[in-house]
Amino acid sequence: MSRDQDKAAPQYTCNDYREEMILLALRQKLQRSDLTDDQRAKLAREIADLEKSLGF
C-alpha cells in the first residue's frame, strides 16, 4: 500500500468505537417495555443526534 492510500483511509478511533457502543446501548434501552412515552421520545432524540454525529 502506498503512503497516499494510507493517508486517504479514514481513521477509526477509540472515540468512534465508544460512540457506536453508546448508540447500541441506547437502541437496546429503547426496546424495553417499561419506558414511558417521554422516555422513549428522549431516547429517540438521543439516538438521532448520535447517528447524525456518526454520519449514519
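Residues satisfying the side-chain contact (heavy atoms from CB on, under 4.5 Å) criterion with L50, sequence neighbours excluded, are E19, I22, L23, L26, S53, L54.
In terms of hydrophobic clustering, with Ile, Leu, Val, Met, Phe, Trp and Tyr side chains grouped at heavy-atom distances under 4.5 Å, F56 and Y17 are assigned to different clusters.
Of all heavy-atom pairs spanning R40 and L30, the tightest one is NH1-O, 2.7 Å.
Applying the salt bridge (Lys or Arg N to Asp or Glu O under 4.0 Å) test to every pair with at least one member in residues 46-56, sequence neighbours left out, gives these pairs: R27-E51.
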Return all side-chain donor-acceptor pairs below 3.5 angstrom for residues 31-39, not counting sequence neighbours, or 'none' if the list is empty.
| residue | atom | partner | partner atom | Å |
| --- | --- | --- | --- | --- |
| R32 | NE | D34 | OD1 | 3.1 |
| R32 | NH2 | D34 | OD1 | 3.2 |
| R32 | NH2 | D34 | OD2 | 2.8 |
| T36 | OG1 | Q39 | N | 3.1 |
| T36 | OG1 | Q39 | OE1 | 3.4 |
| Q39 | OE1 | T36 | N | 2.8 |

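If you take CG on D16 and CE on M21, they are separated by 11.0 Å, rounding to the nearest 0.5 Å.
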